[in-house]
Each structure stands twice: as C-alpha cells, then as structure tokens.
Amino acid sequence: MATGKLKIKKYDFSKIERKWQKIWASQKTHQPNLDGSENPFYNLMMFPYPSAEGLHAGNMYAFTGADVYGRFQRMNGKDVFEPIGLDGFGIHSENYALKIGTHPLKLSKISEKRYYKQLKSIGNSYAWDSKVETYDPEYYKWTQWLFLQLYKKGLAYKKKASVNWCPKCLTVLADEQVIGGECERCGSKVEKKELEQWFFKITDYAEKLLSNLESLDWSERVKIAQRNWIGKSSGLVFSSPVKDTDLVIETFSAHFEAYCADTFVAIAPDHYLLPKLLDGVQNRDAILKKVADMLKKRGDQGYSTTNEVEGVFTGRYIIDPVGNGELPIWIASYALADYGTGIVKCSAHDERDFAFAKKYGIKLKPVLFPEDPEQKKKVMNLEYCFSDMTSGILSEPLEFSGRVAGEIREAIADYAVAKGLAKRETKFKLRDWLISRQRYWGPPIPIIYCDKCGTVPVPEKDLPVKLPNVKDFRPTGTGHSPLASVKSFVNVSCPVCKAPAQRETDVSDTFLDSAWYFFRYLDNENKNEPFSKLRASKWLPVDMYIGGAEHSVLHLLYTRFITMVMNDIGLIDFEEPFKKFRAHGLIIKDGAKMSKSKGNVINPDEYIKRFGSDVLRTYLMFLAPFEQGGDFQDGGIVGVVRFLERVWRLGSRINNQESKISNDVNTQKLLHKTIKKVTKDIENLSYNTAISSLMILLNALEKEDSASKQTFESFIKLLNPFAPHISHELWSGLGNKSVLDQEEWPKFDKNKLEEHIVKIAIQVNGKTRAVLEMEATSDDGAIESEAKNMPDIKKWLEGKSVKKVIHVKGKIINFVV
RNA sequence: GCUGGGGUGGCGGAAUUGGUAGACGCGAUGGACUCAAAAUCCAUUGUCCGCAAGGAUGUGAGAGUUCGAGUCUCUCCCUCAGCACCA
C-alpha cells in the first residue's frame, strides 16, 4: 500500500487547484493528437461572446456541464477534443465597447486575457492550443471566404427590402434576432425600414433543414422550435382573374377544405401588385392614403395579434375560379406580403377573416359545421367563428357534403387539382437570412462596386479585407456603416477593370462568424484553407454539443445551413454539423432571474476564490437537473463543501491505515451499484443524481470504515468529472504516478449487484402494512404464507377472506379482502 | 392565442417509468465534544391525533381507470420558456 505522502492536512483547495491546472497545461493533458487519433470524440460547447464584465454563472454552468461529459468520455477511452474560443466579433462586444467607451480592438485584447484566465480557473479540460477568436484576421479571412463561396453559388444576393431596424443599435437585424418585436440585444422596439441589404438564401434549404431534423439526436424542445420557425405548410394555390382588368392573382390556402365558403379576398397593404390593382379605381388616392396609414401603424406599434384588424375596399373583384361568384378584394392589415402569395381568399372559417368581415359588414357563408345541432345553428347564424377542420362537417361542395373535413383533406385537394381549379404548393415561414450590418466591429463584406463591372467579389487572394482601425467606430444611424466615411477603405480599384471603385461598407452578422468556428478549431493555424479536410473527416460531425436553448433558431439554424452549403460545394461529406445536441437549463438565483438591478448576480470568480472551483462545479451540477436548470442558493453550497472535505479526510485516513481494511460484501455491492448509476446518469446528463449517489457511497464508506484502497480509488474516478482537482490530488497522493484524467472509468460487475435478500412490501387492499425480508430464491407460496402470518398483516386479515393475491416478484404482495 | 416544460416537505430537488412517496443536500430541533464558540460527530425531522404502541392523511384542484396512481385518462387552475396576425 502506498505510504503517506498525503498526511491528514487541511484541504487547501486554492493551492491544489492551481497546482493541477499548471500540470494539465504544461503536460498538455487535454490536447489530443488531431491527426493521429484512433478514437476521436469532439466535445463542443458554445463559445462565449465576451460582451460583459467577464464570464457569468450561466457560462460557468454550461461549460462545467459540458466538461463533465468530456472528462467522462475521456476516461471511457475516447480521445476527447474539447476546444474553447471567443466569439468576440460583432454587435455584442461592440455594444459593450460603446458602453464603456473603449475601442473594440483594444477591448478585445483585454477581455481575451480576462476570459482565458477565468476559463482556466474553472479547470475544464480544454485543448488550449486550438483556441480561436473570430476577430482574428486569420479567422475572419475565412469568414469572408465563406461569403464568397455563397456568392459564387448564387446563395448571397442583395435586394431592397423592408427590414428590421433597431433604433438603438442603429443597424438592421435578421428576423431571428427580433424577439417579440424587440431587438435581441438591447430590447428596443424594432422598426421597419426600406434598405438595400445582403441576404443568404437559407430558404433554398428549408426542406432539408426541416426533414433532417428527424434523424438528429437533439433536445426535443430545440427541434420543435426549429420546426415552428421553418413553418412548413402545404396547401393549394388558386388563380383568379380580376374583373375589369387583365390581372390574374394567386391566392394560397393551407386550410382549403372549406373553399366553398370563400366570400372575399384580402391583399397585404404592402403587396407589389397593389398599385396595379388600383389602376383606374376612382378613389385610388384615398385608398393609398389609408394604406400608407396602415403601414405606418404596422411599422410603428404594430397591430395587436388579438383580432385587431383594419382594412379598406379596393373597388375590385375577382371572378372566383371555384364558383363562388364575384368576390370583393379588400386591403387588410393582417395580410402579409411575404407569406404565401400575399393574397388570401377569406371565409367564415378563419378567426381573422371572420372578425374582419364582421367589422366591415362583408357577407359570410359558412359551409363547415360542428356535429352538435345547437352549435351548428349558432355557426349558421354567424354567432361565432368555427374553424375546426379536424372535426367539422362540410356541407359543400356537394360531392363531399356530410363528410368530416379533416378526413377528406387529400380527397378535396385531388378533386380541386383534377378539376383544374388549383395546384398543390408548399410554403414556409422561414425567410432569407439578412446578413448586412451597418456597424463597425465585424468582417467587412468582401464586395466591390464598380460603375462599369457592377458588383464584383473581392478576389480570394486579396482576403482578408481587413477592418481598418478607425477612431470613431460609433454607428451612424444613416443606414450606412461607420466604414462608409473611411475614404482609404472605401476607395479601391476594381479587381476586374482597375477603374476606381467602392467597397461594400457593411459588415456581416455575428452569426456568420459563429456558424463555422468548430471547423476552425481543428486547424486554427491553417493559412491556405479554412480548415483541414482530413481532420474534418476524422473529427466531424461533432459528437456532443452543449449550449443554451436561446440559440434554438439563431446559431443552431444558421450553422446547419452553412454546413449544408459546405457539403454542397464539396468541402465536406456530411450535411449536419452536430450529431447530438443538448440544451442546458437556466440558472436563477434565490428563485429569481439574475439581474444587476436586483443585485443577485453570481460572480463565479468570487465563489471560486471562496470555495474553490471543485466546490462550485460540483454544486452547480448538484443543485438541479442539468437540462432543466435550477435555483442557486448560497446556503446549499456548504453541503458540497462538507462533502468534498469528507472525501479529503477519508482519503487521508485510508492512506494512513494498514491494509487490514476488509473488502466488505455490502460495500462492494454498493460500490458497483454506484458505478452503474453514476455511469448511466452522466450519459444522460443527470448529474445531480450522480452526485447524490456518490454522497451515498461516501456515507457508507465512512460509516462502515471498510473502504479498501481499490474501492476508494474507484470512488475518486467517479468523482473526477465533477471535482477534477481534488480527485487528481487524492489519486496521486495514493501513490499513483499516472494522471487521473487518463485513467480508465470503473466498470461494474453484474455478479456483485445480485441481491440475496429481497425486501417485499406486504399490502392489504393496496396499503402497505409490513415489509418482509426473504431469500431471493424462496418460492412464491412460501413467501405468501410467511407474509400472511406476519402479526402486522394478520390483524388486517382477521375475520376477512382473501379474495385475490397480487404478487409482483421481489417487490410486492397485495392481499385484496 | 398556439407550442413545449413544470406544479411533490420550511427550501433545492429524488422516485427503478404503474409497485414501500419524500433519496441526496440545505435548514431546523435535541444531544456528544468544548471553559465557551466554531468545526465535527450522533439522533430526529411531511402533516394531524396520541405519553406510547399505533392510526389517519398526504405529490396544484376535481373526477375516472386499476388490487395498487406523483406516474395513465378527462376537466380545470397556476407557473416558466419559446413563437406570435404565417392564411
């Protein structure tokens, strides 16, 4: 047995933690061989944006949870690659720079130092040689290169569009960055603005982005969020001539079952066909005035979604192709120009249409009814809007009269198509990704405008288009980036004809930087390619990705899209970047969201200083299920402090004891039970219950005083993912020369788990009245008669006859009397 | 409004997926050690009745299925998160 290097001394966490962090760094314990790995496992966590005053508890929580998983995989024989970096380009960091009045370039150097120091103090098993920063010219060179690849493929285009404008950040935002009508970053109410902007054609990939979700092992809530965002619906498109004009308009309907109910048409106020439609209409100007008002209202405060509708009659009618006659065309506030065809046929079976028609006295004609006669009468009298296609019964068309609409949806579609009334079509809610930003701190979009040659991409050999170091980096609010006033940047010669030309001055969205960072980790010094294809084929797709659910439709959608494009241009041979993704929960403090105004923000540095990283890590993982998130209470930490101190003391005791300690059967059974449970729990990210079973094992080891060195070593291994520093120290203190992280995860022995004595709950009428302990091998009859004769049972059975006996082997016997 | 979580002691949270509810931890109470305190250790700790033995009751509310329901079904309430005029 090893002899006492490890005296019973105080557990000096700060010394021990620093010691091991140094050893891991100098020995490069966690840097896998990216070229020669046999058993690669890419363990990725979402890299932070260094936007605020350092890492916060939420980062710490996410990163620890991911690191526990990585350390576990490493001990299970995987070559784990766990890189980290900084998503330091973009609006997040720039807003922080503006706030404290420091140039982002300077700030990036400061936060780099600070973040990496903090990240080291957590003690995660990062591959430090592989870090990347998105603002490094050697990084954004390839971000720009990616833009050019999309441009070449026809997936990047510029168009004038009504876009989301944040009046505080003074830039446009992608739809995904508008949360409930507000800016994702600053919470300002977003306005609409007509601007010429660069877009990525993510809509070309809508179908693939949706269907691939099926095969991904991702948190279900994230998949659902993506499905909803992509918003596929299939339906019919009807073409209708407009009376007294030569126009033909198309309308899209996903709920076409009740098409015989259509009595009017709604067109979006900003629809491109509207001016044409109004040509020759008498009160054209008055209508356009009203339309302008509606658009202004929609842009400024928006219409509330609860049936607040507004509209104006165009004076035009369609001649309905399906035989509903001449239907008036109304301009309606709720009609959206960029969904479907921007024009809808309306009926009594849609809540908004119904409310609109009621408000303006438009005729309605119900054809879909509930089964209940009384309700049917109400629908007939237009007392309320009935829109339930799954249970509603149709009265028209006559061919389908009396049938439940939902059941014959396909038949109706076939019928309409066959009669030449409509064609089938699929529509998506997903819009193209707006990537222009009128800001300073981002990769300039690598495009040059030449009077003669038009839009010219920057030749790849000229990348990166370096971001000039300008003094005044503040956003201008003019719709142009601050770069627009930097003459030396703007004025270039055209790469094609050499004539004077101008650069694009917008920079690209931060989410483009982060859409491909995990490729760059693999090869962060490569000057000739964005990454090494060889390494990518070995390490990608990512085996496990852990991050926040708030990126369900931002980062996680964009990065899938970019990966699909990379696949299409032959860079890689897979479509999906992350095999497995798990969203962690949110940490709150004492039952409330953390916020500076409440003064309940957790500063991880303070806790690490006071208790050590192991304690903070273990407490964070213990306080709640990782995927659910939970309540951080200072009071709860002492439990973990005591736990680790007891581990320390037990370790010291074992080391100083003679080898007389027995290998008690019960202890062995518990050990193997614990191995089984901890292994399964970590696989499922049920870290809280894994830790609690470690506590149970420790309690037993202390009490029984029967821990052998081997048993304790197994315990230390199980503890290592959560509290790596103390575990490493104890491991080496026991005389082991190896580094614990490179040791093998304990395996449980099935034979040791077998229970020889079983406890059976004895119930009478379903109420537990006694517990019987029996040999596991006893036969059913013997157990039952034994149970019947127990005094606690006998008194309940007295004077009654047992009608039935339910016997669940090894668990329960229930006498029904 | 729609979608998806969730509601269990004083608190954070367990429960083998229909089988002894409250694991583990915090807190609390009592005790040991100490001149004393801290730390540590031991015991108790859902609620109600009872000196006790024991009993009753108990997982947001109400019904139901079952020998047996925190777990399944229906109705309702509350709460968190995401989406929100998507035809």
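Given the structure is predicted, the values throughout are model-derived calculations rather than measurements. The sequence lines fix the lettering, A, B, ..., with proteins before strands; numbering per chain opens at 1.
A distance below 6.0 Å separates the ring centres of A/Y619 and A/F632. Taking the six-membered ring wherever Trp is involved, the centroid distance between the rings of A/F626 and A/Y61 falls below 6.0 Å.
Atom NZ in A/K232 sits roughly 20 Å away from atom C1' in B/C83 (whole-Å rounding). Atom CD of A/E550 and atom P of B/C83 are 11 Å apart (whole Å). Look at CD on A/E257: it is 12 Å from P on B/A87, rounded to the nearest Å. Taking atom NZ on A/K804 and atom P on B/U66, their separation rounds to 10 Å, with Å as the unit. In this structure, the CG atom of A/D262 is 11 Å from the C1' atom of B/A87, given to the nearest Å. Here the C1' atom of nucleotide B/A84 and the CH2 atom of A/W229 are 10 Å apart, to the nearest Å. One can place NE2 of A/H584 at 15 Å from P of B/A81, the figure rounded to the nearest angstrom. Here the C1' atom of nucleotide B/A87 and the CZ atom of A/F354 are 17 Å apart, to the nearest Å.
For A/R560 and A/Q226, the side-chain atoms include at least one donor-acceptor pair closer than 3.5 Å.
Nucleic acid contact class of A/K429 (heavy atoms, under 4.0 Å, all strands): base. Counting non-hydrogen atoms under 4.0 angstrom, A/G548 reaches nothing in the nucleic acid. Residue A/S233 is classed as a sugar-phosphate contact, given heavy-atom separations below 4.0 Å to backbone atoms only. Within 4.0 Å of A/A549, counting heavy atoms only, lies no atom of the nucleic acid at all.
Base pairing annotation: B/A53 forms no Watson-Crick or G-U wobble pair, as no partner gives both donor-acceptor distances under 3.5 Å. Across all strands shown, B/U29 forms a Watson-Crick or G-U wobble pair with B/A43, both key distances being under 3.5 Å. When Watson-Crick and G-U wobble pairs are counted only if both distances are under 3.5 Å, B/A14 pairs with no nucleotide at all. When both distances must be under 3.5 Å, the Watson-Crick or G-U wobble mate of B/U66 does not exist. For B/G82, the paired base is B/C2 (Watson-Crick or G-U wobble, both distances below 3.5 Å). Of all nucleotides present, none satisfies the Watson-Crick or G-U wobble test against B/U34 with each distance under 3.5 Å. Searching all strands for a Watson-Crick or G-U wobble partner of B/C76 with both distances below 3.5 Å returns B/G60.
Between B/C86 and A/R352, a contact under 4.0 Å exists linking OP1 or OP2 to a side-chain N or O.
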What does the list of N/O pairs under 3.5 Å between the protein and nucleotides 54-56 of chain B look like, with a distance for each?
residue	atom	partner	partner atom	Å
B/G55	OP1	A/K795	NZ	3.3
B/A56	OP2	A/R769	NH1	3.2

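Summary of the strand contacts: A/I179 and A/G342 both lie near RNA chain B, and taking for each the nucleotide with the nearest heavy atom, the more 5' one is attributed to A/I179. Both A/R431 and A/I224 sit near RNA chain B, but only A/I224 has its closest nucleotide nearer the 5' end.
Partners of A/K677 according to the side-chain hydrogen bond (donor to acceptor under 3.5 Å, both in side chains) rule, which considers only residues two or more places apart in sequence or in another chain, are A/D681. Residues passing the side-chain hydrogen bond (donor to acceptor under 3.5 Å, both in side chains) test with A/T390, sequence neighbours excluded: A/D388. Listed by chain and residue number, A/E410, A/D414 satisfy the salt bridge (Lys or Arg N to Asp or Glu O under 4.0 Å) test with A/R424 (two or more places apart in sequence, or in another chain).
Comparing the P positions of B/G25 and B/A43 gives a spacing of 12 Å, expressed to the nearest Å. Rounded to a whole angstrom, the distance from the C1' atom of B/U29 to that of B/A81 is 40 Å. Distance noted for atom P between B/C11 and B/C48: 15 Å (whole Å). As rounded to the nearest Å, B/G70 and B/U8 have C1' atoms that lie 7 Å from one another. The gap from the C1' atom of B/U20 to that of B/C26 amounts to 26 Å, rounded to the nearest Å. Distance noted for atom C1' between B/C2 and B/C24: 39 Å (whole Å). Remark: the separation of the C1' atoms in B/G58 and B/A15 is 16 Å, to the nearest Å. For the C1' atoms, the distance from B/C72 to B/U66 is 10 Å, rounded to whole Å.
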Pair A/W433-A/F199, ring-ring contact (aromatic ring centres under 6.0 Å, His included): steps then yes or no: CA-CA 5 Å; A/W433 175 14; A/F199 289 85; over 10 Å; no
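Within 90° of 0 lies the glycosidic angle of B/U17, which makes this nucleotide syn. Regarding the sugar-base torsion, B/G9 falls in the syn class, its angle being within 90° of 0.
A parallel orientation is assigned to the rings of A/F356 and A/F264, their planes being inclined by less than 30° (bins at 30° and 60°).
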Hey, can you pull the donor-acceptor pairs under 3.5 Å for the side chains in residues 809-816 of chain A, sequence neighbours left out?
residue	atom	partner	partner atom	Å
A/K809	NZ	A/D780	OD1	3.0
A/N814	OD1	A/N765	N	3.3
A/N814	OD1	A/G766	N	2.9

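Within a 6.0 Å sphere centred on CD of A/E220, heavy atoms belonging to other residues, nucleotides or ligands number more than 12. More than 12 non-hydrogen atoms from other residues, nucleotides or ligands lie less than 6.0 angstrom from NZ of A/K223. The neighbour count for A/K359 NZ, taken as heavy atoms of other residues, nucleotides or ligands under 6.0 Å away, is above 12.
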What one-letter contact string describes nucleotides 13-26 of chain B from 5' to 3', where B marks a base within less than 4.0 Å of any protein heavy atom, S marks contact via sugar-phosphate atoms alone, and - marks no contact? SS----BB--BBSS
